[in-house]
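All values derive from a computational prediction rather than experimental measurement.
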Amino acid sequence: MDRVIGTSGRIAFASAMRNLLADVYPEHDHAELVRRVFEALNLPLEGEGAEPCEEYLRKWDQRDAFLITYGDSISRDGHHGLESLGDFYRTWLKDWLTGIHILPFHPFTSDDGFSVSDFSVLRPELGNWDDVKALSRDATVMADLVANHISASHVWFQQFLAGDAPGVDYIKTASPDDDLSDVVRPRNHPLLSEVTTSNGEKHVWCTFSYDQVDLDYGNPDVFFEILKIVLDYLKHGIRVVRLDAIGFIWKEAGTSSINLEQTHKIIKALRLATTAVHPDVLFITETNLPLLENLSYFGDQDEAHLIYNFSLPPVIIHALLSGRSDCVRKCIMSMPPAPAGCTFFNFTASHDGIGLRPAENLIPDSEIDAMTEHARKMGGQVSYRALKGGGQKAYELNVTLFSMLAENFDGDTTYGLERFVMSQAIAMSLEGVPAIYVQSILATENDQKGYEETGIPRRLNRKIWQLPDAEARLSEDGIAKSAFDQLRALMSIRMGQPAFHPNATQYTLNLGPNLLGVWRQGHLNDQSIFCVFNLTDKPQDLDLSKINLIMTVGWTDLCRTGDRGLQRHFAAGPVSNCLDFQC
């Protein structure tokens with residue numbers, strides 16, 4: 001869908017781009033920076049062309065949902081990882097998940113892909129760009145752009161050490177004497193790493209690890225390198241770009257070095273540039289932060305198209321472990337409707353485990369402590385971040401969602417399956433595009449072997465499945481097949497209901513401490529759906545007048561009529577009286 005913007009559009013585009021880059025790089029030649037953008041996009045500065053392209057109109061609807069997976073989460077001897085993933089997707093998922101988020105697929109040296117050593121190729125065991133293109137013919141492909149840092153083995157860092165161009169100017173450094181006391185950190189190791197270069201000792205900024213050295217976006221050449229990577233992704237069929245750890249990309253001593261104004265301007269510039277030639281591209285920001293900071297990445301409808309709804313996993317899990325709706329209801333009520341052309345990316349589990357920072361001000365500290373203890377009880381681990389002034393705080397629970405919900409705070413193990421399925425049903429019911437992690441698709445328990453072999457807590461939630469084993473798990477009677485069948489049935493119901501459009505109106509219902517309720521309404525007010533979840537292990541009475549449902553004539557219970565298996569699981573069990581009524 002490459003387009004060439006015409007004369008009037010070109011002038012407006014150049015003006016908008018100049019304003020953005022002038023704010024970020026005030027001491028540089030702004031006209032030259034704009035010229036370089038046109039060059040990168042292969043757009044003529046002058047001459048006739050088509051009229052300005054409008055942004056892609058159909059961004060998403062109620063049929064859309066994503067699989068989150070590593071390229072080798074589904075493997076098979078003698079085959080590339082992406083080939084096996086594609087076969088698994090086409091056989092088991094294509095009819096109910098429209099997109100695939102492939103976690104980092106480049107060569108790397110640590111952090112399971114998030115320490116990239118070469119952006120130009122894929123890891124050989126995963127395949128090549130042709131395999132990505134093949135997947136893009138069956139699904140909307142989302143790829144990770146690790147935008148904040150590179151591997152210490154990347155050629156740019158090696159050039160930095162040797163004093164060679166261009167990498168010598170690409171790496172962020174600081175002095176130990178700088179005021180770095182306010183820098184927000186997701187880790188508890190010292191921020192700066194001392195290295196020996198041809199120009200003497202340097203202190204490299206390392207937000208995440210000493211193998212992940214931060215790029216210096218103060219140099220506009222770094223911005224253009226990242227723009228080229230995005231354009232390369234789009235050339236190979238990728239249409240959704242996930243900006244990993246994007247909130248950290250601009251750093252300044254004496255500040256928090258997160259969510260700074262320049263960071264937002266850079267994202268806007270990336271979006272403006274790429275949509276000029278690929279109007280169907282979507283950007284999604286990965287900012288594992290408290291709610292209001294996360295929402296800021298919508299910008300003025302000119303920044304992220306989607307943002308990760310990071311608050312959802314901890315509040316949904318807390319609700320199902322405690323049997324109370326207060327925290328999850330507070331979270332949902334706090335989420336404003338997404339601006340036009342934007343929406344939320346709703347998930348309950350990811351490769352990183354359960355982030356706790358987004359639960360700040362939503363779940364009391366004492367109950368977060370209870371969740372961390374519960375994670376340990378269920379075989380999980382807890383990762384910590386450093387606090388200003390010393391000390392540390394729980395940052396992330398490393399445990400699979402299925403293991404976390406197998407037992408509640410009261411020690412009940414009877415309804416583990418129901419709690420797990422309900423966690424997905426809640427996410428499917430809310431405003432936004434739902435996404436399901438591959439380990440949730442397979443109802444995976446903690447991978448203790450993977451953790452013990454590596455000592456990496458996140459490996460508990462990153463099991464690599466052999467394709468025959470994964471298929472047997474979903475086809476042979478058992479708890480995993482039951483969970484899978486219910487998830488597919490729920491998503492199939494969702495896909496047919498306009499009131500589940502990612503931007504359809506949503507109201508949060510106050511149904512007391514034990515029930516969670518949301519009311520979705522179609523754009524034309526032509527359909528209403530009430531979703532009510534019993535979070536406890538006891539039957540609960542619901543006065544239908546509390547959901548403004550006075551007359552039941554003409555209403556349908558979607559869980560009863562949409563799939564007989566859902567009637568069994570959602571209308572009979574005491575833990576999961578999920579009532580979906582369609583007008």
Side-chain angles (χ1 to χ4, degrees), residues 65-94 97-146 151 153-154 229 232-242 244 286 347 349-352 400 435-444 447 449-451 453-454 456 458-475 480 484:
F66 276 79
L67 168 72
I68 304 171
T69 182
Y70 278 100
D72 60 355
S73 291
I74 306 294
S75 296
R76 180 175 36 167
D77 292 342
H79 295 264
H80 289 154
L82 293 182
E83 180 185 358
S84 299
L85 173 63
D87 289 344
F88 180 76
Y89 171 79
R90 283 181 281 271
T91 300
W92 296 93
L93 306 175
K94 184 179 178 181
L97 295 178
T98 57
I100 305 175
H101 169 207
I102 311 171
L103 291 154
F105 44 54
H106 299 296
F108 70 96
T109 52
S110 63
D111 201 13
D112 284 349
F114 288 90
S115 182
V116 177
S117 56
D118 187 349
F119 286 101
S120 66
V121 297
L122 274 62
R123 290 160 48 203
E125 63 269 29
L126 297 186
N128 54 42
W129 288 115
D130 288 339
D131 294 296
V132 175
K133 182 80 80 170
L135 277 176
S136 73
R137 289 191 283 269
D138 292 303
T140 301
V141 175
M142 180 194 304
D144 261 289
L145 174 57
V146 184
S151 165
S153 296
H154 194 285
I229 294 170
D232 198 40
Y233 282 1
L234 300 178
K235 181 177 72 176
H236 292 109
I238 292 161
R239 282 300 173 266
V240 186
V241 180
R242 178 184 184 267
D244 176 70
E286 188 268 338
F347 70 108
S350 77
H351 62 291
D352 279 346
T400 70
I436 305 178
Y437 184 39
V438 65
Q439 307 300 345
S440 297
I441 293 287
L442 293 160
T444 308
D447 184 8
K449 180 180 179 182
Y451 168 59
E453 288 177 347
T454 63
I456 300 172
R458 285 178 169 176
R459 288 288 177 88
L460 286 163
N461 194 30
R462 297 179 179 179
K463 181 179 175 67
I464 296 176
W465 287 91
Q466 291 299 306
L467 179 59
D469 295 334
E471 294 192 317
R473 189 169 176 85
L474 300 184
S475 58
F484 176 82

>> I want to check something: taking the side chain as every heavy atom from C-beta on, are Arg458 and Asp352 in contact at a cut-off of under 4.5 Å?
In response: yes

> Between CG of Asp144 and CD1 of Ile68, what distance do you get to the nearest 0.5 Å?
Replying inline: 10.0 Å

> Does the ring centre of Phe105 sit less than 6.0 Å away from the ring centre of Trp129?
Replying inline: yes

>> Can you give me the closest heavy-atom contact between Ser117 and Thr109, atom names plus distance?
In response: CB-CG2, 4.5 Å

> Is there a side-chain contact between Leu474 and Leu442, using heavy atoms and a 4.5 Å cut-off?
Replying inline: yes

>> Contact between Val240 and His101 at the side-chain level, heavy atoms closer than 4.5 Å - yes or no?
In response: no

>> Quick check for you: to the nearest 0.5 Å, what is the distance between Asp138 atom CG and Leu93 atom CG?
In response: 12.0 Å

> Asn128 and Val121: side-chain contact (heavy atoms from CB on, under 4.5 Å), yes or no, with the steps?
Replying inline: CA-CA 7 Å; Asn128 54 42; Val121 297; over 6 Å; no

>> Less than 4.5 Å apart, side chain to side chain, heavy atoms only: is that true for Ile441 and Thr69?
In response: no

>> Before we go on, tell me: are the rings of His351 and Phe114 under 6.0 Å apart, centre to centre?
In response: yes

>> I'd like to know if the side chain of Tyr70 reaches the main chain of Val438, judged simply by a donor and an acceptor atom lying under 3.5 Å from each other, with no hydrogens or angles considered.
In response: no

>> Using the rule side chain to side chain donor-acceptor pair (under 3.5 Å), only one of Gln439, Lys463, Arg473 pairs with Thr444; which is it?
In response: Gln439

>> I'd like to check the salt bridge (Lys or Arg N to Asp or Glu O under 4.0 Å) partners of Asp118; sequence neighbours left out, ordered by chain and number.
In response: none

> Which atom names give the shortest non-hydrogen contact between Gly99 and Ala139, and what distance separates them?
Replying inline: CA-CB, 4.3 Å

> Going through the checks in order, is the side-chain contact (heavy atoms from CB on, under 4.5 Å) test met by Trp92 and Ser475?
Replying inline: CA-CA 10 Å; Trp92 296 93; Ser475 58; 3.9 Å; yes

> What are the two closest heavy atoms between Gly237 and Ser136, and how far apart are they?
Replying inline: O-CB, 3.4 Å

> Tell me, do Asp72 and Arg123 make a side-chain contact under 4.5 Å, heavy atoms counted?
Replying inline: yes

> Where do Lys235 and Asp232 land on the salt bridge (Lys or Arg N to Asp or Glu O under 4.0 Å) test, with the steps shown first?
Replying inline: CA-CA 5 Å; Lys235 181 177 72 176; Asp232 198 40; 3.2 Å; yes

>> Using a strict threshold of under 4.0 Å (side-chain N to carboxylate O), is an ion pair present between Arg462 and Asp112?
In response: yes

>> If we count only N and O atoms by modelled type, under 3.5 Å, do the side chains of Ser84 and Ser75 hold a donor and an acceptor together?
In response: no

>> Closer than 3.5 angstrom, by distance alone: can the side chain of Ser110 be matched with the main-chain N or O of Ser115 as a donor-acceptor pair?
In response: no

> Residues two or more places apart in sequence or in another chain: which of them pass ring pair (Phe, Tyr, Trp, His ring centres under 6.0 Å) with Tyr451?
Replying inline: none

>> Before you tell me yes or no, could you show the steps for Tyr437 and Asn461 under side-chain contact (heavy atoms from CB on, under 4.5 Å), namely the whole-Å CA-CA distance, both residues' side-chain angles and the distance that decides it to 0.1 Å?
In response: CA-CA 10 Å; Tyr437 184 39; Asn461 194 30; 3.5 Å; yes

> Once you round to the nearest 0.5 Å, how far does CZ of Phe88 lie from CH2 of Trp465?
Replying inline: 9.5 Å

>> Any salt bridge linking Asp447 with Lys449? Criterion: basic side-chain nitrogen under 4.0 Å from a carboxylate oxygen.
In response: no

>> Once rounded to the nearest 0.5 Å, what's the spacing between atom NZ of Lys94 and atom CD1 of Ile100?
In response: 10.0 Å

> Rounded to the nearest 0.5 Å, what separation is found between the CD1 atom of Ile74 and the CD atom of Glu471?
Replying inline: 8.5 Å

> Are the side chains of Asp131 and Leu122 in touch, meaning some heavy atoms are under 4.5 Å apart?
Replying inline: no

>> Has Arg239 got a side-chain atom pairing as donor or acceptor with Leu234's backbone, closer than 3.5 angstrom?
In response: yes

> Can you name the ring pair (Phe, Tyr, Trp, His ring centres under 6.0 Å) partners of Phe119, sequence neighbours left out?
Replying inline: His106, His154

>> A side-chain contact here means heavy atoms from C-beta on lying under 4.5 Å apart; do Ile102 and Leu126 qualify?
In response: no

> Measuring from Leu103:CG to Ser73:OG, what's the distance to the nearest 0.5 Å?
Replying inline: 7.0 Å

